[in-house]
Amino acid sequence: MTPVIAESHDARDGSNLRRRNLRLAVILGILAAAFYGGFILMHWK
Amino acid sequence: MAHAAHHDDHAHHPTGVMRWITTTNNKDIGTLYLSFALLMFFIGGSMAMIIRAELFKPGLQFVDPQFFNSMTTLHALVMIFGAVMPAFVGLANWMIPMMIGAPDMALPRLNNWSFWLLPFAFTLLLSTLFMPGGAPAGGWTMYAPLVLQTGEAFPFLIFAVHIMGISSIMGAINIIATVFNMRAPGMTFMKLPLFVWTWIITAFLLIAAMPVLAGAVTMLLTDKFFGTSFFSAAGGGDPVMFQHIFWFFGHPEVYIMILPAFGIVSAIVPTFARKPLFGYASMVYATASIAFLSFIVWAHHMFTVGMPLAGELFFMYTTVLIAVPTGVKIFNWLATMWRGSMTFETPMLFALGFIVMFTIGGFSGLMLGVTPADFQYQDTYFVVAHFHYVLVTGAVFAIMGATYFWLPKWTGHMYDETLGKWHFWLSTIFVNVLFFPQHFLGLAGMPRRIPDYAVQFADWNMVSSIGGFCFGATQLLFLYVIVKCVRGGAKASDRVWEGAEGLEWILPSPPPYHSFVNPPLVK
Amino acid sequence: MSQARGQTMGRGTRKFPRSMAQLITALLSLCPAIASADWALNMRPGVTPNSQGIYHLHMIVLWICVVIGVLVFGVMFYSILHFRKSRGARAAHFHENTTVEIVWTLIPFVILVCVAVPATRTLIAMESTGNADMTIKATGYQWRWHYDYLDQGVSFFSVLAEKSNEARQPRSGIDPHTVENYLLDVDQPLVVPVGKKVRLLTTANDVIHAWWVPELGVKRDAIPGFINESWFKVETPGTYRGQCAELCGKDHGFMPIVVVAKEEGEFNKWVEDKKAAALAEAAANDPNREWKKEELMAKGAEVYTKNCAVCHQADGKGVPGNFPALAGSEIANGNVDDHIDRVLFGKNQMPAWKETLSPVEIAAVITYERNSFGNTAGDVVQPKKVAEY
Ligand SMILES: [Cu+2]
């Protein structure tokens with residue numbers, strides 16, 4: 001099932017919303033992964 | 001043109017159970033989250049009933065101590081990760097897109113996954129009840145080295161926590177992406193309803209805190225099975241380090257469970273006072289300060305582990321400092337009510353109950369923050385009373401208030417107001433009978449997490465247990481009111497409440513399956 | 001200057017709560033049921049300078065909270081009563097005021113500073129462990145305490161008293177009200193002299209415990225591999241009871257602490273008696289001599305009841321799913337070395353007994369387990385074998 005906003009465009013400036021959403025999600029995901037890995041490495045002996 | 005095509009796709013979505021499994025619709029997913037949270041609320045609640053039954057009298061009548069410890073451990077994990085957090089995510093799914101004028105969440109497929117991970121996580125966790133060696137019994141805080149004595153349940157506990165963490169992080173990412181990218185034209189950040197604001201800040205807390213928890217439990221896993229010794233003194237590690245890492249997650253987690261509640265109360269109070277929220281900007285700044293402070297107070301959970309004096313002083317000062325922004329919030333709500341035109345429908349009753357009882361929890365929190373006094377309170381029933389005031393009469397009351405507030409919008413029917421009020425009053429009376437005496441027990445010297453106690457604690461424990469059973473039974477009324485409202489009732493108007501302000505109230509009740517496909521223009 | 005201010009503040013507020021507390025006590029005593037000790041409402045001041053310092057601080061903060069609570073809830077209930085639509089209230093439209101926001105940010109801040117000053121002072125006193133008259137080391141075990149008088153050379157284990165232990169067994173049928181000091185009594189209390197500064201070192205052998213006696217104002221975690229310091233000076237002779245305060249497994253609720261404070265002369269006599277008893281005990285339990293089977297069986301039964309029956313049960317049948325049965329078990333009927341290994345070093349929930357029990361006790365209990373509950377291994381384990389294992 002295709003989500004309703006899958007290919008929609010930003011109502012404000014017409015930019016490609018889907019790409020912007022994915023980009024933000026990837027950045028935040030990397031951030032979370034970095035916290036995870038960083039915390040383990042910090043305590044590695 | 002593109003829009004028209006999408007509408008066709010959506011005219012025939014799957015029906016029956018496949019609709020729920022494959023759905024990418026924020027409202028469906030919100031409903032799934034809320035139903036799941038309600039189920040977990042009753043499962044975790046049943047565990048609390050077992051705990052209170054055993055503590056009704058001194059002596060061991062019903063369960064053995066190991067199972068008792070499993071009950072306290074699972075009760076906490078189920079209520080925190082299964083009931084309170086998913087309930088807030090469910091409310092966010094339903095309300096945030098409507099509040100900011102968006103058609104759906106930014107990442108609908110991710111949204112589907114973040115929900116459907118939860119049933120797996122809790123199946124893993126609850127299956128440990130039937131394992132040899134029993135369910136985890138080392139407390140929800142999973143302190144090393146005690147938790148490493150868990151039997152076959154251990155890896156199940158760790159992976160359940162991992163999956164819950166992944167689910168929360170995915171939910172948080174989705175909320176941030178939605179609010180940052182999907183606001184309707186004209187909806188600037190400083191026009192966002194406070195529920196949206198508190199949720200963005202919560203989402204950032206989640207992204208910063210949950211990976212730390214995941215890291216901590218991964219280290220437990222490798223300590224147990226792969227010969228590392230992060231937390232074992234014999235191998236050069238440090239068991240206290242686990243506590244530092246755990247509470248570096250755990251304290252922000254506390255605010256993860258209360259900030260959205262602040263947002264809910266900030267929506268309900270102005271509606272029924274028929275007056276705009278007082279100090280909108282200061283509410284936003286106070287929320288942000290609380291979130292910031294939440295990262296530098298973690299060691300107040302560990303005053304008795306033997307920190308240097310300078311550390312104890314630092315964490316005492318930062319901890320009591322949180323009282324300042326929290327006070328600002330309470331004063332702003334009072335100023336919103338001042339010279340308003342108030343009515344007292346069920347959501348308002350829950351919001352007012354929240355303000356009073358959350359403040360009581362805040363007072364005991366302030367007392368706990370004062371380090372020397374904490375040496376007496378630490379790990380007693382005083383702490384148990386404190387965090388149940390904050391979490392039950394705080395977070396859970398806010399969730400119940402939100403349910404009554406938005407249920408007519410979601411279902412298109414008014415709930416039964418008389419039963420709603422009964423639910424509020426019975427809950428409020430019994431929750432205080434349940435938790436207020438626990439302050440006395442803690443001050444008199446009763447440690448927490450014990451299945452049996454000295455006879456001088458018998459009287460207040462019996463009172464507390466009676467309160468517990470009645471509070472538990474009252475929640476069946478809540479379930480009945482919800483079911484009754486979903487199945488029918490008086491037709492709700494679009495605005496529902498006379499004083500309601502915001503984009504969600506200009507939509508029909510119930511709102512269309514896809515709302516704001518064409519974004520509204522805000523002011 | 002801040003010092004002077006702190007002192008006045010301390011003195012001023014101390015009087016206020018005391019008189020209020022007396023008033024409340026007087027009111028409560030009108031109702032005998034509530035005034036009895038069992039319905040205790042508040043923290044006790046305790047018997048050490050630290051516990052009393054904590055108590056005063058607790059009362060200061062409590063009364064500050066009560067006053068703020070009365071004001072905040074007063075304003076709230078005034079609004080609820082007066083600004084209701086049913087009384088014809090019309091809503092005003094104000095929604096911000098920077099001055100007000102600043103005022104209600106600053107006032108709480110000032111109150112907090114007033115709390116922080118006496119709190120800092122008390123904390124510094126609590127952490128000053130120097131110049132102690134004697135040092136005792138408390139080691140937490142699952143689930144008992146071990147005390148080591150570093151200056152006197154006395155050491156012993158302190159476990160839950162026998163009567164409490166019988167009554168606390170699941171469905172024991174014994175009414176806890178009939179047991180004196182139920183769950184707060186031990187076989188051998190910690191004895192200290194009054195008026196002496198005792199430095200307490202806490203550590204643990206297995207998991208984290210916490211040594212807590214409310215009336216001494218001491219709660220300190222006992223952490224395996226680390227040593228924590230705290231101190232107390234008891235001013236009145238008497239018996240003070242506390243419990244382990246950190247979840248430490250199944251019997252966390254059953255490892256109490258009892259401190260008996262005695263005059264110095266009596267304390268010294270107690271030390272001498274303890275030393276003499278320890279010598280006699282060591283002579284009777286020589287691990288190097290050859291022990292007879294009956295001796296080991298008799299001692300083993302005793303050790304089993306005291307330490308093992310909690311989990312494996314008196315009949316050796318265990319609790320299915322939780323604690324394995326010894327009756328007919330592979331370990332108890334198989335290779336004797338495996339059996340010794342398991343008792344010495346533990347596994348999962350099974351504690352390691354190497355540190356807690358003597359070789360004689362371990363040899364005795366293993367011999368007992370292999371020849372009871374229908375087990376027919378038939379062999380005798382000598383203490384010497386365990387000591388050399
Ligand atoms: Cu313990």
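Letters go in sequence order (proteins before strands), and every chain restarts at 1. These numbers come from the heavy atoms of this one structure, side chains and all, not from hydrogens, waters or symmetry mates.
When every heavy atom of P239(B) is checked against every heavy atom of P224(C), the shortest pair comes out as CG-O, 3.9 Å. The minimum heavy-atom distance between D64(B) and P170(C), with the atom names listed, is CB-CG, 4.3 Å. Looking at every heavy atom in both residues, A444(B) comes nearest to R44(C) through O-NH2, 3.2 Å.
With no hydrogens or angles considered, no side-chain donor-acceptor pair links W212(C) and Q378(B) at under 3.5 Å. A donor-acceptor pair shorter than 3.5 Å can be found between the side chains of Q142(C) and Q149(B).
Side-chain contact between D206(C) and P145(B): absent, with no pair of heavy atoms (C-beta onward) separated by less than 4.5 Å. The shortest side-chain heavy-atom distance between Q456(B) and L184(C) falls under the 4.5 Å cut-off. Put simply, the side chain of V305(B) does not reach to within 4.5 Å of the side chain of R220(C), judged on heavy atoms. By the 4.5 Å heavy-atom criterion applied to side chains, I124(C) and L309(B) are counted as neighbours. A 4.5 Å side-chain heavy-atom check between L112(C) and L366(B) finds at least one atom pair inside the cut-off. In this structure, the side chains of V66(C) and F363(B) stay at 4.5 Å or more apart for every pair of heavy atoms. By the 4.5 Å heavy-atom criterion applied to side chains, Q376(B) and M43(C) are counted as neighbours. In this structure the side chain of L41(C) reaches within 4.5 angstrom of the side chain of W460(B), judged on heavy atoms.
Here the straight-line distance linking atom CZ of R449(B) with atom CG of L247(C) works out to 5.5 Å at 0.5 Å rounding. Interatomic distance, NE2 of H439(B) versus CG of N42(C), reported as 12.0 Å (0.5 Å rounding). Here R339(B) contributes atom CZ and H82(C) contributes atom NE2; the two are 14.0 Å apart, rounded to the nearest 0.5 Å. Atom SG of C244(C) is separated from atom CG of D379(B) by 8.5 Å, given to the nearest 0.5 angstrom. From F331(B), atom CZ reaches atom OG1 of T105(C) across 9.0 Å, with rounding to the nearest 0.5 Å. If you take NZ on K275(B) and NE2 on H95(C), they are separated by 9.5 Å, rounding to the nearest 0.5 Å.
Per-residue heavy-atom pair counts under 4.5 Å with chain B were compared for Y78(C), F94(C), F109(C), and the maximum is reached by F94(C). Options M76(C), Q243(C), E246(C), H93(C) differ in how many heavy-atom pairs under 4.5 Å they form with chain B, and the most are formed by M76(C). The greatest number of non-hydrogen atom pairs below 4.5 Å with chain B, out of C311(C), A222(C), G253(C), P176(C), is found for P176(C). Heavy-atom pairs under 4.5 Å with chain B peak, among P256(C), S172(C), S79(C), G225(C), at S79(C). Among V61(C), L123(C), I54(C), the residue making the largest number of heavy-atom pairs under 4.5 Å with chain B is L123(C). Contact count against chain B (heavy-atom pairs under 4.5 Å) is highest for T120(C) among T120(C), L57(C), V100(C), L106(C). Taking Y377(B), F278(B), F272(B), F62(B) one by one and counting their heavy-atom pairs under 4.5 Å with chain C, the maximum is reached by F278(B).
Only the side chain of F73(C) comes within contact range of chain B, with at least one heavy atom under 4.5 Å from a heavy atom of that chain. Using a 4.5 Å cut-off between heavy atoms, Y453(B) touches chain C through its backbone atoms (N, CA, C, O) alone. Residue contact with chain C, scored on non-hydrogen atoms closer than 4.5 Å, involves the side chain of P451(B) exclusively. For T380(B), the part sitting under 4.5 Å from any heavy atom of chain C is the side chain, from C-beta outward, and nothing else. Only the side chain of N69(B) comes within less than 4.5 Å of a heavy atom of chain C; its backbone N, CA, C and O stay farther away. Both the backbone and the side chain of A335(B) have a heavy atom closer than 4.5 Å to some heavy atom of chain C. In this structure, chain B has heavy atoms under 4.5 Å from both the backbone and the side chain of N97(C). Only the side chain of M126(C) comes within contact range of chain B, judged by heavy atoms closer than 4.5 Å. For F226(C), the part lying near chain B is the side chain, with the backbone staying farther off; criterion is any non-hydrogen pair under 4.5 Å. Both the backbone and the side chain of I68(C) come within contact range of chain B, each with at least one heavy atom under 4.5 Å from a heavy atom of that chain. Within the 4.5 angstrom heavy-atom criterion, atoms from both the backbone and the side chain of F375(B) approach chain C. Both the backbone and the side chain of L62(C) come within contact range of chain B, each with at least one heavy atom under 4.5 Å from a heavy atom of that chain. Only the backbone of A144(B) comes within less than 4.5 Å of a heavy atom in chain C; its side chain stays farther off. Only the side chain of Q243(B) comes within contact range of chain C, judged by heavy atoms closer than 4.5 Å. For chain B, the nearby part of I223(C) is the side chain; its heavy atoms alone come within less than 4.5 Å. Both the backbone and the side chain of V72(C) come within contact range of chain B, each with at least one heavy atom under 4.5 Å from a heavy atom of that chain. With a threshold of 4.5 angstrom between heavy atoms, A210(C) does not approach chain B through any atom at all. Residue V147(B) does not touch chain C at all, counting heavy-atom pairs closer than 4.5 Å.
By the neighbour-count criterion of 12 heavy atoms within 6.0 Å, atom CD of Q61(B) is densely surrounded, having more than that number from other residues, nucleotides or ligands. Within 6.0 Å of NZ in K57(B) there are 12 or fewer heavy atoms belonging to other residues, nucleotides or ligands. For Y285(B), the OH atom is loosely surrounded, since the number of other residues' heavy atoms within 6.0 Å does not exceed 12.
Legend: salt bridge (Lys or Arg N to Asp or Glu O under 4.0 Å) pairs involving residues 91-104 of chain C, not counting sequence neighbours: none detected.
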### Task
Any chance you could lay out the side chain to side chain contact (heavy atoms under 4.5 Å, CB included) test for F254(C) and I450(B), step after step, and finish with the verdict?
CA-CA 8 Å; F254(C) 310 105; I450(B) 54 173; over 6 Å; no
### Task
Test V463(B) against W39(C) for side chain to side chain contact (heavy atoms under 4.5 Å, CB included), laying out the working first.
CA-CA 11 Å; V463(B) 172; W39(C) 294 94; 3.9 Å; yes
### Message
side chain to side chain contact (heavy atoms under 4.5 Å, CB included) for R171(C) and L60(B)? Distances and angles first, verdict last.
### Response
CA-CA 6 Å; R171(C) 294 161 290 273; L60(B) 288 171; over 6 Å; no
Under 3.5 Å, which donor-acceptor pairs do the side chains of residues 83-90 of chain C form with other protein atoms, sequence neighbours left out?
{"unit_1": "R84(C)", "atom_1": "NH1", "unit_2": "I80(C)", "atom_2": "O", "d": "3.4"}
{"unit_1": "K85(C)", "atom_1": "NZ", "unit_2": "E498(B)", "atom_2": "OE1", "d": "3.0"}
{"unit_1": "K85(C)", "atom_1": "NZ", "unit_2": "E498(B)", "atom_2": "OE2", "d": "3.3"}
{"unit_1": "R87(C)", "atom_1": "NH1", "unit_2": "L81(C)", "atom_2": "O", "d": "3.4"}

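F68(B) does not carry K250(C) over the face of its six-membered ring by the limits of under 6.0 Å from the centre and within 45° of the normal.
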